[in-house]
Amino acid sequence: MKVGVPTEIKPDEYRVALTPAGARELAEAGHEVLIQAGAGVGSSLDDDSYVAQGARVLPDADAVFAESDMVLKVKEPQPSEVELLRPGQVLFTYLHLAADRELTLGLCNSGAVCVAYETVEDADGKLPLLAPMSEIAGKLATQAGAFMLEKPFGGRGILLGGVPGVAAATVMIIGGGVVGMNAAFIAIGMEADVFVFDKSIDRLRGLDVALGGRASTVYSSTLSVEEMLPRADLVIGAVLVHGARAPYVIKRDQLKLMKKHAVLVDVSIDQGGCFETSRPTTHTDPVYEVDGVTHYCVTNMPGAVPVTSTFALTNATLPYVLALADGGVAGAIEKDPGLRSGVNVANGHVTHPAVAEGVDMPHTPVDEALAATAPV
Ligand SMILES: NC(=O)c1ccc[n+]([C@@H]2O[C@H](COP(=O)([O-])OP(=O)(O)OC[C@H]3O[C@@H](n4cnc5c(N)ncnc54)[C@H](O)[C@@H]3O)[C@@H](O)[C@H]2O)c1
């Protein structure tokens, strides 16, 4: 199979979907790797390092999309990239379609088979291709929140850890999954008072052990959230319902319960956002204010630390890339049922139930869609 890797074009995105190590594994398995010139530069990987492992460098995205059987990316395709997709071509990347009807329609019209990193599941029903980026986003969420609490950035002017004789700040984390747990690790390390909210008792039980009792766990309900909001200096939103649009855990009229210049970090913004007042922002312009509360809603947080996140991402994706290249989508999902959940759109049909519900389009089972003829 010809596997193509274009340069990411989302604003402030410096990750790349394949490292030279991945190019080597694909080449050794008999596949051809086509990399866009400069695709790895943002992650400190130059073209020569790919060529040394058997890849061929192409001048632009048009050439990469035109020659590839499978396109590997990091972030969801931008409109100019959707136009380059063709029927039957495989796209493997983060998609986050449940909150993006326009992109879903664009991918359906392309006729491509689109496999989303974030809905691939492992044998335990966990999300192995979301987890590494969630680990990074969780750690960054606390860092970013601490920074935005500083007065010159519009924050309350409180230090997360306090000092002897002055109380620490209160960090409230809603959603105690991979993002939430990693946000808690850093907040505890910075000596804040940490409260993690979740609706899963099992998850809260696991967190109690993982965090060694150094954070309080709270069953999440409207009342428990409202009781904590007046105390919180930093609130990190990290909820997820697999494949679906994020539920709102803080509504606009609840912002008045919060301290002036407290900070909200909405990590779930890539799934539409879990605060009613959230809207996507970028690393260049990360925050805005609503009712006196700072909102940080960057959709590609790990893009800020590409030297860490490119390797964390590709360590996890490479086995799936090899499986897809070896067996094609039909062959690979036959062997790995968890990869089947990654197929979001195929041959013009939406094949993931939560995505179909999120964008209000009909759902077609994966096998039926793969057997259908792609629109021309
Ligand atoms: N902005 C970014 O750059 C970025 C990067 C990585 C991940 N994310 C996003 O972060 C979010 C969390 O990812 P994750 O890997 O931690 O997911 P996860 O599945 O590991 O954890 C989600 C947690 O949310 C809990 N939850 C669900 N609904 C809830 C509710 N109403 N109230 C309280 N808890 C609730 C679940 O029980 C679960 O423990 C996802 O939307 C993911 O796409 C964003």
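As the structure lists them, so they are numbered: ligands from 1, and atoms in each ligand from 1. Side-chain atoms are counted along with the backbone in the values below, which use heavy atoms only and exclude waters and symmetry mates.
Although no hydrogens or angles enter the test, the distance criterion places no donor-acceptor pair under 3.5 Å between the side chain of E67 and the main chain of K2. The backbone N or O of F275 sits less than 3.5 Å from a side-chain atom of D266, completing a donor-acceptor pair. Judged purely by atom type and a 3.5 angstrom limit, E13 uses its side chain to pair as donor or acceptor with the backbone of R15. Using modelled atom types, no side-chain atom of S43 and backbone atom of V307 make a donor-acceptor pair closer than 3.5 Å. Panel note: side chain D60, backbone L58; no donor-acceptor pair is recorded below 3.5 Å.
For K199, the heavy-atom gap to ligand 1 drops under 4.0 angstrom. The closest approach between a heavy atom of M181 and any atom of ligand 1 is not below 4.0 Å. Within the structure, the closest approach of A238 to ligand 1 falls below 4.0 Å when heavy atoms are considered.
Counting atoms of ligand 1 from 1 in the listed order, those under 4.0 Å from a heavy atom of R203 are 39 (O). The ligand atoms of ligand 1 that sit less than 4.0 angstrom from a heavy atom of S268 are 11 (C), 41 (O). Contact atoms of ligand 1 toward M133: 6 (C) (distance under 4.0 Å to a heavy atom of the residue). Residue H96 has at least one heavy-atom neighbour below 4.0 Å for each of these atoms of ligand 1: 43 (O).
Note: the hydrophobic cluster containing L97 does not contain V90 (ILVMFWY, side chain heavy atoms under 4.5 Å, direct or indirect links). By the criterion of side-chain heavy atoms lying less than 4.5 angstrom apart, applied directly or through intervening Ile, Leu, Val, Met, Phe, Trp or Tyr residues, V293 is not grouped with V267; the two fall into different hydrophobic clusters.
Among all non-hydrogen protein atoms, the one lying nearest atom 16 (O) of ligand 1 is V179 N, 2.8 Å. Atom 36 (C) of ligand 1 has its closest protein heavy atom at D198 OD1, 3.5 Å. In this structure, the protein non-hydrogen atom closest to atom 5 (C) of ligand 1 is A137 CB, 3.4 Å.
Checked against N344 for a side-chain contact (heavy atoms from CB on, under 4.5 Å), the options V115, T119, V113 give a single hit: T119. The side chain to side chain donor-acceptor pair (under 3.5 Å) with E8 is formed by just one residue from the set K73, K75, Q78; it is K73.
Checked by distance only, ligand 1 and V267 come closer than 3.5 Å through their nitrogen or oxygen atoms. Of the N or O atoms in V178, one or more lie within a sub-3.5 Å distance of an N or O in ligand 1. Considering backbone and side-chain N/O of T299, one or more are found under 3.5 Å from N/O of ligand 1. In terms of polar-atom proximity, M301 is counted as a contact of ligand 1, with an N or O under 3.5 Å from an N or O of the ligand. Close N/O approach between Q271 and ligand 1 is not found [any backbone or side-chain N/O within under 3.5 Å]. For ligand 1, one of its N or O atoms has an N or O atom of D270 under 3.5 Å away. On a distance-only criterion, S134 and ligand 1 share at least one N/O pair closer than 3.5 Å. For ligand 1, one of its N or O atoms has an N or O atom of V298 under 3.5 Å away. Close N/O approach between I174 and ligand 1 is not found [any backbone or side-chain N/O within under 3.5 Å].
Salt bridge absent: R245 and E357 never bring a charged side-chain N and a carboxylate O closer than 4.0 Å. Ion pairing between D291 and R252 holds under the 4.0 Å rule for side-chain N and carboxylate O. Ion pairing of D202 with R205 is present here, as a side-chain N (NZ or NE/NH1/NH2) and a carboxylate O approach within less than 4.0 Å.
Under 4.0 angstrom from ligand 1, the non-hydrogen atoms of L130 all belong to its side chain. For N300, every heavy-atom contact with ligand 1 shorter than 4.0 Å involves the backbone, none the side chain. Contact annotation: for I136 versus ligand 1, there are no heavy atoms closer than 4.0 Å.
Proximity annotation for atom 40 (C) of ligand 1: of L240, V225, V249, L240 comes nearest, heavy atoms only.
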Kindly indicate, with the supporting measurements, whether the criterion salt bridge (charged side-chain N to carboxylate O under 4.0 Å, His left out) is fulfilled by R24 and E28.
CA-CA 6 Å; R24 173 70 170 272; E28 286 190 354; 2.7 Å; yes
